[in-house]
Amino acid sequence: MGVSKRFVVTKEQIKGAITYLEYERINGVSFKPKKSDFEDMINVSKVVVINPSLIEKLVNKKCKRTLEKLIKMTGVIYDQDDEDGDAGLSFILNEIEKFRQLLDSKYKEYMKEKEYKLYLKKLEIIESEVKLRKKVLEKKLESEISMEEKKGKGR
């Protein structure tokens, strides 16, 4: 296979100018764009954004989406039956921890300190609600088991 070439397209005075840069050395956020079904489009496997204001907006948008996904998952688990609730709540707690680690490792350097602390606070609130729900389910299960034992002994 041939060597893959990497280019950065910049908007300059000259129309159609392509500038070659080694973007591995450029500090920025990379992501993979969605695949499109159009035949006449350029296939792009990776995009690196280096503009600080654009990076901040991108990271903020990704974090908002992930947070909304966690909130929706929590709402769905609350609406479901109690039988599968414990496994679902554990899954949500794992997802919260993954998102917290992602914030620390990848997004913290691109966010303002105020926004970062706000996301951590929101995660903490969601996590406390999920843990509270988990405790309520455990107590409910314990009470159901003790009621069944009392009925079994009464016979």
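Taking each heavy atom of Ser30 and Lys106 in turn, the nearest pair found is O-NZ, 4.3 Å. Of all heavy-atom pairs spanning Phe31 and Lys62, the tightest one is CB-NZ, 3.9 Å. Across every non-hydrogen atom of Cys63 and Phe99, the tightest pair is O-CZ, 3.7 Å.
Taking NZ from Lys134 and CD1 from Ile92, the interatomic distance works out to 10.5 Å, rounded to the nearest 0.5 Å. Rounding to the nearest 0.5 Å places NZ of Lys122 at 14.0 Å from CD1 of Ile96. To the nearest 0.5 Å, the span separating CD1 on Ile71 from CD1 on Ile126 amounts to 4.0 Å. Taking CD of Glu56 as the start and CE of Met111 as the end, the distance is 8.5 Å to the nearest 0.5 Å.
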Report the C-alpha separation of Lys131 and Glu127 in whole Å, then their side-chain angles, then the decisive distance to 0.1 Å, and conclude whether the salt bridge (Lys or Arg N to Asp or Glu O under 4.0 Å) test is met.
CA-CA 6 Å; Lys131 285 181 179 178; Glu127 185 177 29; 3.7 Å; yes
CA sep, side-chain torsions, deciding dist, call: Glu115, Lys112, salt bridge (Lys or Arg N to Asp or Glu O under 4.0 Å):
CA-CA 5 Å; Glu115 288 177 350; Lys112 294 179 181 175; 5.4 Å; no
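The existence of a salt bridge linking Arg100 and Glu97 is confirmed by a sub-4.0 Å separation between a basic side-chain nitrogen and an acidic carboxylate oxygen. Between Lys108 and Glu113 there is no salt bridge, since no side-chain nitrogen of the basic residue lies less than 4.0 Å from a carboxylate oxygen of the acidic one.
Listed by first and then second residue, the salt bridge (charged side-chain N to carboxylate O under 4.0 Å, His left out) pairs that reach into residues 68-77 come to none, sequence neighbours excluded.
Using a 4.5 Å heavy-atom threshold, the side chains of Asn60 and Tyr119 count as touching. Contact of the Leu54 side chain with the Val29 side chain is not registered, since no non-hydrogen atoms from C-beta on lie closer than 4.5 Å. Counting only heavy atoms from C-beta outward, the side chains of Arg133 and Leu89 approach each other to under 4.5 Å.
If you chain together hydrophobic residues whose side chains sit under 4.5 Å apart, Leu102 and Leu70 fall into the same group. Note: the hydrophobic cluster containing Leu118 does not contain Leu103 (ILVMFWY, side chain heavy atoms under 4.5 Å, direct or indirect links). Transitive grouping of hydrophobic side chains (ILVMFWY, heavy atoms separated by less than 4.5 Å) brings Leu120 and Val130 into a common cluster.
The environment of CZ in Phe91 is sparse: at most 12 heavy-atom neighbours from other residues, nucleotides or ligands sit within 6.0 Å.
When atom types are taken as modelled, the side chain of Tyr110 and the backbone of Gly28 share a donor-acceptor pair closer than 3.5 angstrom.
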